[in-house]
Amino acid sequence: MRAPALRPARCRLRALCAALALFVPLAASAQDPARDVLPEQLQPRAFVGPTGLVRLGPRVLFSAFHVTTGQELWSSDGTTAGTVLLKDIRPGFRGAFPSWQTRFGAHVYFTATDGEHGLELWRSDGTARGTQRVTDLNPGEADAMPAELTAWRDALYFVANDGRHGFQLWKTGGDARSTRRVSSVDAGPGAVVRQLTPAGRRLFFTATSHAHGHELWVSEGAPETTRLVKDIRPGAEDGNLENLVATGERLWFTASDGRHGIELWTSDGSEAGTRMVKDIRPGEAASRPAHLTAVGATLYFAAEDGTHGIELWRSDGTEAGTQLVKDIRPGAASSVPGPLAAFGGRLYFAATDGATGAELWTSDGSAAGTRLVKDLGPGAGSGSPARFAQAGGRLWFSANDGVHGVEPWSTDGSAAGTRLAADVAPGPRHAMPLGFVALGGAVLFVADDGLGNERLWSRSTKGGARRATLIGDPLRERLR
């Protein structure tokens with residue numbers, strides 16, 4: 001008679017065990033107690049804020065936030081089912097904060113912290129086991145903060161602080177043994193290196209020293225070849241170097257020598273070969289070249305000469321060959337061309353001629369070949385194309401036609417082939433798409449879902465309906 005009496009107790013025990021089994025994974029992935037979390041946000045693929053999409057084989061790696069893991073590294077094959085948290089580098093809800101994802105060889109390199117070490121250099125081969133820290137440059141919990149990861153020749157170059165020399169130029173072959181410091185620019189806590197730009201056999205960068213201010217430096221990959229190129233603004237004042245862009249062995253940038261304003265400069269890596277290309281706005285006034293973009297060996301940029309407003313210019317590196325392409329908005333008013341993008345051997349950019357708003361234009365470098373592609377926002381309204389990227393054989397960008405808000409568009413260069421790709425945030429709400437990357441027969445990108453959540457989306461390159469597919473679990477409310 002006692003056996004039947006035990007059944008309820010056994011049932012209660014089994015129920016308790018089942019409850020504990022459910023509780024354990026929830027405890028292991030507990031979210032931030034200071035954050036209000038909705039049940040839908042606990043779905044395994046309810047990640048938001050994807051950034052730094054980079055291809056690795058048949059997948060895309062990226063950084064994203066989930067309430068249970070924080071900001072971590074994710075992987076996707078372009079489908080929801082094939083999208084996974086690659087590795088919880090810093091277990092718990094605080095996150096590893098991956099950033100600067102850069103492809104080099106068979107790995108993606110990035111900056112992250114595991115909680116025991118600070119922000120250091122990591123790499124991944126696309127598997128959890130193959131996602132590992134490369135080295136601990138600033139030992140212990142201190143941050144080395146690797147940044148500006150740049151693949152050049154047979155190494156990955158980056159800027160980092162080992163705690164003793166300030167932010168210097170480093171290189172790695174992919175492991176701790178091959179990781180070494182390349183520069184010693186005023187080595188100390190205040191050293192600053194930035195703007196890594198490969199140009200053929202040389203790697204250019206800018207750096208700050210007490211004697212010269214922030215000026216142009218170059219390296220051929222070893223400490224003994226790393227040197228100041230030229231003190232463009234002599235003395236301790238900065239030359240205001242920005243906008244470094246390369247065409248072959250030539251570097252282009254903007255700078256001021258203290259006698260002229262900010263103008264276009266070029267360098268071949270030698271002091272003698274580092275010079276102002278042209279004083280576009282003569283004297284101390286600045287033409288302020290912007291949006292420097294190379295199409296083949298020709299550099300295009302926006303600048304103001306004091307007569308035509310901010311217009312489109314081109315340069316072949318000579319003073320005579322640096323010319324206004326076209327006064328798109330005639331007179332002193334500015335067409336403000338920019339941003340600029342190279343595609344199919346031509347330049348594409350946003351500009352206004354005064355009759356239309358800021359719309360999509362193209363140029364072959366001649367006045368006659370500089371024309372409006374399409375009035376995306378008809379009339380005086382502006383389509384404001386921006387965030388250009390080549391993907392899937394087309395040029396992708398964000399734009400607003402005045403009906404659908406800022407949504408993804410693509411073009412083949414013709415008016416007929418320029419079209420809205422998807423209305424991600426329905427109606428006039430803005431999706432603000434960016435980060436277009438081709439994967440298989442689709443283009444992946446990041447866009448707002450209309451609720452304030454930045455999500456990952458896929459759009460087939462085969463045309464059809466103007467519809468994008470969400471990659472991840474759907475959310476009905478904004479993540480708080």
Side-chain angles (χ1 to χ4, degrees), residues 148 185 192-197 199 204-218 228-247 250-295 298-329 331-342 347 349-351 363 386:
E148 304 218 18
V185 182
V192 178
V193 167
R194 63 187 184 96
Q195 301 190 94
L196 276 56
T197 308
F204 288 90
F205 60 96
T206 60
T208 302
S209 64
H210 290 96
H212 304 292
H214 202 76
E215 295 289 350
L216 184 65
W217 289 66
V218 71
L228 174 70
V229 176
K230 185 173 185 174
D231 191 1
I232 291 172
R233 186 166 188 170
E237 290 191 76
D238 295 345
N240 293 314
L241 278 72
E242 299 288 348
N243 305 307
L244 277 64
V245 172
T247 56
R250 181 193 297 273
L251 180 77
W252 308 82
F253 58 99
T254 59
S256 171
D257 60 7
R259 294 181 295 112
H260 307 87
I262 297 174
E263 297 290 349
L264 181 67
W265 284 68
T266 187
S267 178
D268 62 2
S270 70
E271 183 175 7
T274 301
R275 56 181 173 78
M276 183 173 66
V277 178
K278 185 173 185 173
D279 191 8
I280 294 173
R281 191 167 185 177
E284 295 183 0
S287 69
R288 298 186 181 277
H291 308 298
L292 277 63
T293 302
V295 180
T298 302
L299 184 81
Y300 292 87
F301 56 97
E304 182 175 4
D305 63 3
T307 302
H308 299 94
I310 303 173
E311 294 289 346
L312 181 66
W313 287 69
R314 60 172 290 173
S315 178
D316 62 2
T318 67
E319 183 175 3
T322 302
Q323 303 173 340
L324 175 71
V325 175
K326 184 175 184 175
D327 191 8
I328 295 172
R329 189 170 185 176
S334 300
S335 70
V336 197
L340 315 181
L347 184 77
F349 58 99
S363 178

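This one's a predicted model, so the numbers in the text were calculated from it and none came from an experiment. FYI, the numbering just counts along the sequence from 1.
- The two residues Ser334 and Arg329 make their nearest non-hydrogen contact at O-CD, 3.3 Å.
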Val192 vs Val185, side-chain contact (heavy atoms from CB on, under 4.5 Å): CA-CA, chis, key distance, verdict: CA-CA 8 Å; Val192 178; Val185 182; over 6 Å; no
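- Residues Ser270 and Val229 come closest through the heavy atom pair O-CG1, 3.8 Å.
- Among residues two or more places apart in sequence or in another chain, the salt bridge (Lys or Arg N to Asp or Glu O under 4.0 Å) test is passed with Arg250 by none.
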Worked verdict on Tyr300 versus Arg314 for side-chain contact (heavy atoms from CB on, under 4.5 Å): CA-CA 4 Å; Tyr300 292 87; Arg314 60 172 290 173; 4.0 Å; yes
Please determine whether side-chain contact (heavy atoms from CB on, under 4.5 Å) holds for the pair Leu312 and Phe349, giving the CA-CA distance in whole Å, both sets of side-chain angles, and the decisive distance to 0.1 Å. CA-CA 10 Å; Leu312 181 66; Phe349 58 99; 3.8 Å; yes
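- Annotation: the span from Thr208 atom OG1 to Asp238 atom CG amounts to 6.0 Å, rounded to 0.5 Å.
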Please step through side-chain contact (heavy atoms from CB on, under 4.5 Å) for the pair Ser315 and Leu264, ending with a clear verdict. CA-CA 9 Å; Ser315 178; Leu264 181 67; 4.0 Å; yes
Kindly list each side-chain donor-acceptor pair under 3.5 angstrom involving residues 239-247, sequence neighbours excluded, with atom names and distances?
from   : atom 1 : to     : atom 2 : distance (Å)
Glu242 : OE2    : Arg194 : NH2    : 3.0
Asn243 : ND2    : Thr254 : OG1    : 3.0
Thr247 : OG1    : Trp252 : NE1    : 2.9

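- The two residues Ala351 and Pro337 have their closest heavy-atom pair at CB-CA, 4.2 Å.
- Here the closest non-hydrogen pair linking His308 and Asp327 is CD2-OD2, 3.3 Å.
- Pairing each heavy atom of Asp268 with each of Phe204, the nearest pair is C-CZ, 4.1 Å.
- Residues Asp257 and Arg259 come closest through the heavy atom pair OD1-N, 2.9 Å.
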Contacts table for residues 275-290: side-chain donor-acceptor under 3.5 angstrom, sequence neighbours left out:
from   : atom 1 : to     : atom 2 : distance (Å)
Arg275 : NH1    : Gly317 : O      : 3.2
Arg275 : NH2    : Gly317 : O      : 2.8
Lys278 : NZ     : Thr322 : O      : 2.9
Asp279 : OD2    : Gly283 : N      : 2.9
Ser287 : OG     : Glu263 : OE1    : 2.5

